[in-house]
There are 2 protein chains.
Amino acid sequence: MTHRTVGHQAGLPDDPRAHVTAPTPECPVEITLAALHGRWTTLVVRELLRGDRSYSELRAALPALSDKVLSDRLAQLGEAGVVERDRRPGWPPRVRYALTPRGRRLGPVLQALWDWGADTPPGTTGPGAAVR
Amino acid sequence: MTHRTVGHQAGLPDDPRAHVTAPTPECPVEITLAALHGRWTTLVVRELLRGDRSYSELRAALPALSDKVLSDRLAQLGEAGVVERDRRPGWPPRVRYALTPRGRRLGPVLQALWDWGADTPPGTTGPGAAVR
DNA sequence: CTGAATCCCTGCCGATACTG
DNA sequence: CAGTATCGGCAGGGATTCAG
């Protein structure tokens, strides 16, 4: 076979969830897409892959990201078990955001997304191939 | 190292696109997410990973998917260079849909999405962890 | 400093009907 | 068989304002 990751059991072959006929939330692919769903989400995860961050550090790293969406994303990633909030006592309020072990395992996922998107210099096979 | 695909250069370390501060379409991750964007898209790709299909075979495999969305998805995947249309002459019209080589390379991407979503039995770390 | 609440606008997608 | 045209409901997300 051409591609088989090392000690990695492939889930697709005989798992019943590989045969769903609708985008059900039980499908593992949907679970991951739900965790990464929405604009800015992958960028927040990327930022946290580099180390834990405070709320304002995240805002500084992603200046065009609004408060609403940032807190939405952090809540969403918290629900998904990807991000952990560490609220420290004292004043002013200090909160640190960090990836959980599960969240760190998103590294290979983002890498796979990166690799596929990077392996085609714009204009080789894509949309504007013959256009100019 | 724990995980490193064989002869695969990692793009993240020093590529300037790894430092974008907004969801720009030039980011490889965004390119991939754009190709897979929208409901049903991954299921259409999965179906085509199993072999080429006609329009009605796709409808039969995904009964709850409407005509509008199916043709939207096929057009979107065509634009992304993932799917190829093979229109055969004669009557009645016969059209076959198949993945391009680029489209077949989505296999590992879907596998990565699957693996992450599958490795947590619901209720271990996720949302309803303590709920029941 | 760290967010939550509200408002409004836009784009997605589902249903239905129609065409080559 | 293989689609397109049109419409409407709903959720996503940006700007702004308010709160702990």
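Side chains included, hydrogens not; waters and symmetry mates left out as well; all remaining heavy atoms used. Each chain gets a letter, A, B and so on, in the order its sequence line appears, and its residues count up from 1.
- A salt bridge is absent between D115(B) and R105(A): the closest approach of a Lys/Arg side-chain nitrogen to an acidic carboxylate oxygen does not fall below 4.0 angstrom.
- Contact annotation: R96(A) does not reach the phosphate of dT2(C) (side-chain N/O to OP1 or OP2, under 4.0 Å).
- Between E30(B) and R17(B) there is no salt bridge, since none of the side-chain N atoms of the basic residue sits less than 4.0 Å from a carboxylate O of the acidic one.
- A salt bridge does not link R102(B) with E84(B): none of the charged nitrogens is closer than 4.0 Å to a carboxylate oxygen.
- Nucleic acid contact class of W40(B) (heavy atoms, under 4.0 Å, all strands): sugar-phosphate only.
- Residue S56(A) is classed as a sugar-phosphate contact, given heavy-atom separations below 4.0 Å to backbone atoms only.
- Distance from the side chain of S71(A) is smallest for dG3(C) among the nucleotides dG3(D), dG3(C), dC13(C).
- The side chain of V69(B) lies closest to dG14(C) when the candidates are dC1(D), dG13(D), dG14(C).
- Applying the salt bridge (charged side-chain N to carboxylate O under 4.0 Å, His left out) test between E47(B) and each of R73(B), R53(B), R59(B) identifies R53(B) as the sole match.
- A residue-by-residue look at R94(B) and S66(A) shows that R94(B) has its nearest nucleotide of DNA chain D further toward the 5' end.
- Between L65(A) atom CG and dT16(D) atom P the separation is 15 Å, expressed in whole Å.
- Between Y97(B) and dG3(D) there is a side-chain polar atom (N or O) within less than 4.0 angstrom of OP1 or OP2.
- Each of dA2(D), dC13(C), dG14(D) was ranked by its minimum atom distance to the side chain of Y55(B); first place goes to dA2(D).
- When each of dA15(D), dG14(C), dG3(D) is scored by its nearest atom to the side-chain atoms of K68(B), the top-ranked nucleotide is dG14(C).
- Within the nucleic acid shown, R85(A) comes within 4.0 Å of sugar-phosphate atoms alone, with no base atom in reach, counting heavy atoms only.
- Within 4.0 Å (heavy atoms only), R73(A) reaches sugar-phosphate atoms of the nucleic acid but no base atom.
- At whole-Å resolution of the value, CG in D67(A) and C1' in dT17(D) are 11 Å apart.
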